[in-house]
Amino acid sequence: MAKKEKATEENLVIVESPAKAKTIEKFLGKNYLVKSSFGHIRDLAKKDFGIDLAHNYQPQYVVSDDKKEVVNELKSLSKNAQTVWLASDEDREGEAIAWHLSETLELHSDKTKRIVFHEITKDAILRAIETPRDIDSNLVNAQQARRVLDRLVGFELSPVLWKKVKPSLSAGRVQSVAVRLLVEREREIFDFKAESAFRVSAIFSVEEKGKKNEFKADLNHRFKTAEEAHAFLESCSDANFKVASVTKKPSTKTPAAPFTTSTLQQEAARKLGFSVGQTMSVAQKLYEAGKITYMRTDSVNLAKSAVNAVVSSIKSEMGDKYVKVRQYKTKSKGAQEAHEAIRPTYPEIDSVGGTATEKKLYDLIYKRTMASQMSDAVIEKTTINIDVDGQKHHFVASGEVVKFDGFLRVYIESTDQEEDEESASFLPPMQQNDLLDLKKLEARQRFSQKPYRYSEASLVRKLEELGIGRPSTYAPTISTIQQRGYVVKEDRQGSPRPYQYLWLENGTVKQEEKTEMANAERNKLFPTDIAMVVNDFLVNYFPNVVSYDFTAKVEQEFDEIALGKVEWQKAIDDFYKPFHHQVEETLEKSERKTGERILGNDPKTGKPVSVRIGRFGPMAQLGSSEDEEKPRYAPLTREQHLETITFEEALKLFDLPRDLGTYEDKKVVVGIGRFGPYVRHDGKFASLKKGIDDPMTIDLPRAIELIEEKRERDNKKTIKTFEEDKDLQVLNGRWGPYISYKKKNYKIPKDKEAASLSYDECLKLVEEGDKTKKTKSTKGKKKAASTKSTTKSGTKTKKKPEAKSTSKSK
DNA sequence: CAGTGAGCGAGCTTCCGCTTGACTT
C-alpha cells in the first residue's frame, strides 16, 4: 500500500459507501479524512448459530474475511486521528454499523462522535458536524434483535426442510413469504375458470362541416350467449342511432412521487424491460459516477437544494406555469428514510454519457424527478350516450382531451395492466339529437382475465407493501428464491383459444369462429413444485412465521426496543422459546413431504403410476420399488405440476424416450432431460426449440434439422484445433474467442489475433493463465468450490484459502 | 451444463441487511 503523505489527520470520518466518502471529502476540506466501511464489518459467526443460547442470546460477532483489510486500515487511521466521526446512515442498520465500528476499532468515547445526515449536501453535512450525538444503544439493540431473530428463524427452519423435504433448501422471514405469495397466486390461477361474454362495439360517423369523422363506441351491456348477441345485432340492422347526451367533465392528473428503489425497479421493468438486478447494477454505475443520488432508499423526499434546481430547470425550459413544488410522503410500511429519493445529483443536467442502458435509466430518473415538481395535467373527459331505436341498451363513447399537459409533458407513469382496452381517445364534436351513421357493428366473445402472475418487479412492490424486506435486499431476495429452485423466471407461449366473432354485413348478421393466443406470459415468476411442497409444509407447521404480518409484528417489537421500552433479549426469548418447541415437535411428528400423488394403474402392465419430487425434481414413476422389475422414471415438463397433472398426462411421459429412426446410420432418439426436451444422435444432444417443438409429436425430418443446426453452431464455435494436442482448442464464446484446454478456459490478450495463434503461443497463454488462476482461486472461490471440488486432479488445488495476507491488491 | 432417480452414510447445505468487487465461457 502506497502510504500517502498526509498532514496529521485531525479528523477521520467513516461512512458506509466509498462513493459517498469521495463526495463528502470535497465538502469538508483538508482537515478531514473520509473513509468508508463498505457496509457492515461484522456479522454473527456461522458456527452454532453465532448465538450463545445458554447465555441470554449473546451474539458471537466476527469480522468477515473480506472486511479484515478494511478494518485494519480503519483501525490504524483511527489511532492517529484526534476525532473519529461515525457517519453511517441514520437507521437501525446504520446505528449498528457505528456501534460495531466503535467496538471493533476500540474507539474511546471521548474522541468519538456520531453524526447523521439524510442528504449529501454541503449544508446538511456541516450542520451534522455541529450537532454530534452519542451512539443510540437502544437502536443498536433493535438491530441486534432483528439480526438474531433472522438467524434463528433461518438456521432452525432450513434444517427441518433438509430432513423433511430435500437437502440444501432454505427458509427465512423474507424469502418464505415471497415464495408463499407466488404459490398462492399460482393456485388461484389453477382454480380460475374463465367466463366469457359478448362485447358489442360500433363505429359511427358524424358530419362536421361536410367532413365525415368516425369514432368508436361500446354497448353498455354484455351478452351471455352468442344467440343474444346475434339477436341484438340483427335488431340494429335498420335502426336509427341518435346522440342522447353529451357530458363533459373536467379532471386532473397528478405526477407520481420521485423514485424509491422499489418504484424505480418497477418503472425500469415496465418502460425499459430491465430485471430488478439489472436496474440496480446500472444505477450503481450511475451512483459511482456521481450522476445520481443513492439508489437503495425508501424515501420519496428531495433535498431543498435539489427542488430549487429542478424548479429553475422547469422554469427556464417550459415556463412558470409548469412549476408546482410538491412534498411527498412515503406510504410504505416500515420505511426508515435514511436517504433521499433517487434523483439526478445535478438536476440541471438532462442527459449523461456512458452505456446505452445508463443513459436510458438516467433519462427515466431525470424525467420522473422533474415531473414530480410540475403542475397537474388538466383533462376534459367527454362521455356520449347513443340511443338505439327501440332498445333498452345504449352505446357509450368516451373521449379525453388534454387541456393543459403539465407534468405529462415529460413523464407518464406506466401500469402493469395489459392494454386490454385502448385508451380513451379524441372524439369529434357532437350535439344532442345528432343522427349518426353506423359504419360497423360487431360482437366479440371476451374471456375474463385470470389473476396476474407476479413479475420480479411486481413481487417487489407486493413485498414492500407488506413491509417485508428492505431496498438493499429486494434484488438479492428475488435471486435467492430462483437459486434455491423455488421459482423460475420465464416466458410461456400460451395456447390457442377459439372465440366467436359476429358482425353485421349488408343487413345480415354473420358469425365465425376465430382463434386468439391466450395466457401467454413474458418474464414472469413461476413457483416450482418444490416451492409448493415447501410452502404447504411451512404453512402447516409454522403458520406464525410465514404469515404475511409476521414481519409487521416483529417490527413493532423492534420499535419498542428502539424506544428502550423492551429489552431485546426478552423479546427474542418470547419468540424463541415457543418457536424452538415448534421446531422440535415438527421434526418428531411430521412426515417426509414429497408431494406424492398416486394417479392410477397403467392399463398395459397394471403397475401403479405416481408422481412426486425426486432427487432431481418432480417426476413420474411407473411401478413400485418393491417390484422385481425396476420402476421407470420420467421427469415432468416445465408446464406440468404435481398437483394438477392428470393420469393420462403422466402416462404419456413414459412414451419417452422415443425412437425416431436413423440418420447417417445412427439412432435418433427424443427425450426430456435435465435441461428440457432434446434429440440425441451419435452421442450429441440438441435441444428442442421452446414453444415450437413438442417431444411427443416431433418427426425425424425436424429432428435432423435440429441436429444439423447444432452441428453448424459447433463448427462456428471452433476457430482452431491443433494436431499436436486434441485437448487444445481455440473457441468462440459469448465473450469472444478463448482457449479451451482440458476442460478449463483461458483468456486471449486483446492484442493477439485468435485465428493466427500458434500451438506454442496457446500453450504459453495456458501456462500464464494457470499462474494467475492460483492467486485468484484463493480469494474469489469460497462457495463455487464446495459443490464440485472432487474431480479435476489436474493443477494444484490443495492450497487452502489461507494465503490471503499476501494477496493484497497490488 | 448433461440428459440422472438405488444404496452405505460422511459432511455439507441455511438467514437478512449493509456495502462493492472480479470478470466470466
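Per chain, numbering begins at 1; letters A, B, ... match sequence-line order. Keep in mind it's a predicted model, so treat the numbers as computed, not measured.
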Item to complete: Scan residues 86-96 of chain A against DNA chain B and write down, sorted by residue number, each residue with any heavy atom closer than 4.0 Å; if none is found, say none.
Response: A:Asp89, A:Glu93
Fill in: Sequence-distant partners of A:Thr528, side chain to side chain contact (heavy atoms under 4.5 Å, CB included), two or more places apart
A:Val488, A:Ile530, A:Ala531
Worksheet, complete the sentence: Writing each nucleotide of DNA chain B 5' to 3' as (, ), [, ], | or . by Watson-Crick or G-U pairing under 3.5 Å yields .........................
Discussion item. Regarding B:dC16, can its base be found pairing with the side chain of A:Arg146 as donor and acceptor, where the two atoms are less than 3.5 Å apart?
Written reply: yes
Practice prompt. Check the geometry between A:Trp162 and B:dT13 and answer yes if their rings are stacked (centres below 5.5 Å, planes below 30°), otherwise no.
Written response: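 Base of B:dT13: stacked against A:Trp162.
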Practice prompt. Could you tell me whether the side-chain ring of A:Phe155 sits stacked on the base of B:dT14, using a centroid cut-off under 5.5 Å and a plane angle under 30°?
Written response: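 A:Phe155 ring centre within cut-off of B:dT14 base, planes near parallel; stacks.
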Discussion item. Would A:Arg151 and A:Phe155 count as a cation-pi pair here, with the cationic atom under 6.0 angstrom from the ring centre and within 45° of the axis?
Written reply: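 Yes.
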Discussion item. Do A:Arg173 and A:Phe550 form a cation-pi contact, if we require the NZ or CZ to be under 6.0 Å from the six-membered ring centre and within 45 degrees of the ring's axis?
Written reply: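 No.
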Discussion item. Using a heavy-atom cut-off of 4.0 Å across all strands, would you classify A:Leu169 as base, sugar-phosphate, or nothing?
Written reply: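 The residue A:Leu169 makes sugar-phosphate contact but no base contact.
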Worksheet item: What nucleic acid atoms does A:Val153 come within less than 4.0 Å of, heavy atoms only: base, sugar-phosphate, or nothing?
Response: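 Answer is nothing: A:Val153 stays at 4.0 Å or more from every strand.
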[X] has a side chain; which of [options] sits nearest to it?
X        : options                : answer
A:Pro635 : B:dG5, B:dG3, B:dC15   : B:dG5
A:Val174 : B:dG17, B:dG5, B:dT14  : B:dG17
A:Arg470 : B:dC16, B:dC18, B:dT19 : B:dC18

Worksheet entry | Of A:Ser176 and A:His339, the one whose closest DNA chain B nucleotide lies more 5' | A:Ser176
Item to complete: Please name all residues satisfying ring pair (Phe, Tyr, Trp, His ring centres under 6.0 Å) with A:Phe117, sequence neighbours left out, ordered by chain then number.
Response: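 Counting only residues at least two positions away or on another chain, A:Phe117 forms no ring pair (Phe, Tyr, Trp, His ring centres under 6.0 Å).
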Fill in: Test salt bridge (Lys or Arg N to Asp or Glu O under 4.0 Å) applied to A:Lys553 - qualifying residues, sequence neighbours left out
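Not a single residue meets the salt bridge (Lys or Arg N to Asp or Glu O under 4.0 Å) criterion with A:Lys553.
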Worksheet entry | Residues which pass side chain to side chain donor-acceptor pair (under 3.5 Å) with A:Ser262, listed by chain and number, not counting sequence neighbours | A:Gln266, A:Glu464
